[in-house]
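Inspection log for the structure reproduced underneath, given as structure tokens.
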Amino acid sequence: MNPETPLDQIAARWLLRMQSARDTATAVALDGWLEASIDHRIAYAEAIAAWHGVAAAPLARPAASPRPSAWPRAGAAWLAASATMAMFVAVWLALPRGDFATPAGATAVHALADGSTLTLGTDSAVSLAFDAAQRRIVLDEGTLHVDVAKDPSRPLVVVARGVAVTAIGTRFAVAELSRDRRYVMVDEGIVSVRGEESVEAIELHAGQRVEIDDGRVGAPEPLSPHALAWMRGTLVYDGEPLHEALAELGRWVPGTVVCRAACDEPVRGAFPVARADAAIDALAAQRGLRVRRYPGVTVVGR
Amino acid sequence: MADGEAGAAYRESYPELVAVLSSIVRDPELARDLAQEAGMRLVDYRGELRDARAFLFHVGANLARDALRRHKVRGLHAESAAAEPPTYERSAEQACDDTEGLRRIGVAFERLPPRAREAMWLSRVQGYTNSEVAQAMSLSVKTVEKHLTLGLGRLSAMLRPNPQG
């Protein structure tokens, strides 16, 4: 049994205050209190967990209580209180996302002053830092294809988490597979790939791809002919395991796509990028699976 | 819990859940991850459950608490709290943990002082407003709020996994 601290009571008081006074002033004051210390936030999280835990758990009725009745639930108060909180959230959501960005499901083509062309895949963001010595592009998230204008005095470097790719004049792409994994894919010419954890850079040629896992560069593999089909508006699967296809499709729809069954079985099909949702349904149907959609999560399973 | 019912509760509560969790973890992206994990836990939950929406806030707030604790232990580097996105794995095992978690609430609830327990029951289970609780218990609203605060603070302490963390 843990001893109760004064903070437990203070957090409880804040929660009850938010229940009864649902005005902006209370919400602002609470937000200031939460901002002040991580211990406040932990205590408040525990108060919320306990408050809602009591409503969720199957409890024994205390002896003194009257019989149940059809009184209305108190949900509306909480709802109004959190609507005020949502205003603060909206401010945090407005964070900068680099010089160019795309939302889930979109692509964008940008012609740069040096003659290079950037194609951003779904849910991607890049920032540019060009100077006299180097053309540096930071891929903050997602997928970027670069058609590099030749300039031997000023190499173009794409930097993503764990990897830097240098080119003089060529066409290549860097794609995010997960938080720590990237593909570098070359469709024309040669690039130099250096992992954060590698001593030496490797050369990657047209028709090759390499995986970078947490800063370590793997061995070059042949590049599938449809790996960059998204640039022409199509997603093509030709025997890839279901989980891989879903991971990519997941980048084209809002939220996360989770594979719960038959994840290693191969799937096939070509789908327009604009219909990634329908593609998920079609691939699931191929393996006899169901698709269930929740906010932020699509689950493919039995 | 039937999947359709859980899914509906989750869909309905999601924006509000994300807003509340954001105010706690101060990171909208992490808040969305936690809300989604709570949703998956609800969908996988097979035990007895009185209120699906409350379950989401209960599980979500616990996940937020755990994330903040890890964050605190590791030091306050901005990226580290978000470094462990939920995995949606080991659902059967997790569902057992959730059943156990709700059972522990029942045990802790039994240990509350009688008036605090009754006020909490009327408010959280019957859904009474504070003035309705006051009427039912023949107390002033102020006193009811005191009992609720006392009860809630005690419950938070009793449900804390371990004293230091």
Side-chain angles (χ1 to χ4, degrees), chain A residues 1-5 8-9 11-13 15-16 20 30-31 34-35 38 41-62 64-66 68-69 71-75 77 79 82-83 85-86 88-89 92-93 179 255-256 258 292 294-297 299, chain B residues 3 7 10-11 14-16 18-20 22-24 28 32 35-36 39-40 48-51 54-55 57-58 61-62 64-65 68-69 71-72 88 102 105-106 109-110 114 117-118 120-130 132 136 145 148-149 152-160 163:
Chain A
M1 184 73 34
N2 293 302
E4 192 180 350
T5 68
D8 289 326
Q9 286 297 315
R13 210 173 305 140
L15 191 150
L16 284 152
S20 42
L30 169 61
D31 199 63
L34 290 172
E35 180 63 37
I38 191 166
R41 300 199 283 281
I42 290 172
Y44 195 64
E46 289 179 335
I48 290 185
W51 182 253
H52 288 282
V54 171
L59 300 179
R61 174 202 308 280
S65 292
S69 73
W71 288 50
R73 292 185 34 86
L79 194 76
S82 28
M85 296 307 298
F88 301 108
V89 178
W92 295 327
L93 289 175
R179 186 178 168 84
T256 313
V258 183
R292 283 170 290 167
Y294 309 103
V297 188
V299 180
Chain B
D3 180 55
Y10 175 43
R11 239 169 246 126
Y14 182 76
E16 188 191 339
V18 172
V20 171
S22 285
S23 74
I24 297 170
R32 281 192 291 272
Q36 289 163 18
M40 290 303 95
E48 197 185 339
L49 193 60
R50 215 184 30 246
D51 184 334
F55 179 92
F57 281 85
H58 168 70
N62 272 335
R65 188 264 320 272
L68 288 171
R69 281 188 161 195
H71 188 62
K72 196 180 157 183
Y88 310 114
L102 292 191
I105 293 173
F109 184 73
E110 289 299 317
R117 190 168 68 218
E118 190 182 349
M120 194 70 94
W121 171 275
L122 291 172
S123 168
R124 298 306 293 139
V125 179
Q126 298 297 112
Y128 287 17
T129 65
N130 288 359
E132 288 161 357
E145 284 169 357
L148 287 174
T149 306
L152 182 59
R154 293 235 171 132
L155 272 180
S156 298
M158 285 194 279
L159 297 175
R160 186 167 300 138

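Remember, it's a predicted structure, so these values are computed and weren't measured experimentally. Here is the naming used below: chain letters follow the sequence lines, and residue numbers restart at 1 for every chain.
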When the 4.5 angstrom heavy-atom criterion is applied to B:Phe109 and chain A, the contacting part is side chain

Is it the case that the side chain of B:Arg124 and the backbone of A:Trp51 share a donor-acceptor pair, with hydrogens and angles ignored and the cut-off at 3.5 Å? yes

- Message: Let's go through B:Thr149 and A:Gln9 carefully: what are the C-alpha distance in whole Å and the side-chain angles of both, what is the deciding distance for side chain to side chain contact (heavy atoms under 4.5 Å, CB included) to 0.1 Å, and is it a yes or a no?
- Response: CA-CA 6 Å; B:Thr149 306; A:Gln9 286 297 315; 3.6 Å; yes

Pair count under 4.5 Å, heavy atoms only, with chain A: among B:Gly153, B:Gly39, B:Ala35, highest is B:Gly153

If we ignore hydrogens and angles and just use 3.5 Å, is the side chain of B:Arg50 paired with the main-chain N or O of A:Val54 as donor and acceptor?
yes

query = Is a side-chain N or O of A:His52 found less than 3.5 angstrom from the main chain of B:Phe55, in a donor-acceptor match?
reply = no

Under 4.5 Å to a heavy atom of chain B? For A:Ile42 that would be both

Quiz item: Where do B:Gln36 and A:Val297 land on the side chain to side chain contact (heavy atoms under 4.5 Å, CB included) test, with the steps shown first?
Solution: CA-CA 7 Å; B:Gln36 289 163 18; A:Val297 188; 3.5 Å; yes

When the 4.5 angstrom heavy-atom criterion is applied to A:Ala47 and chain B, the contacting part is both

Bottom line for B:Tyr14: the part with an atom under 4.5 Å from chain A's heavy atoms is side chain

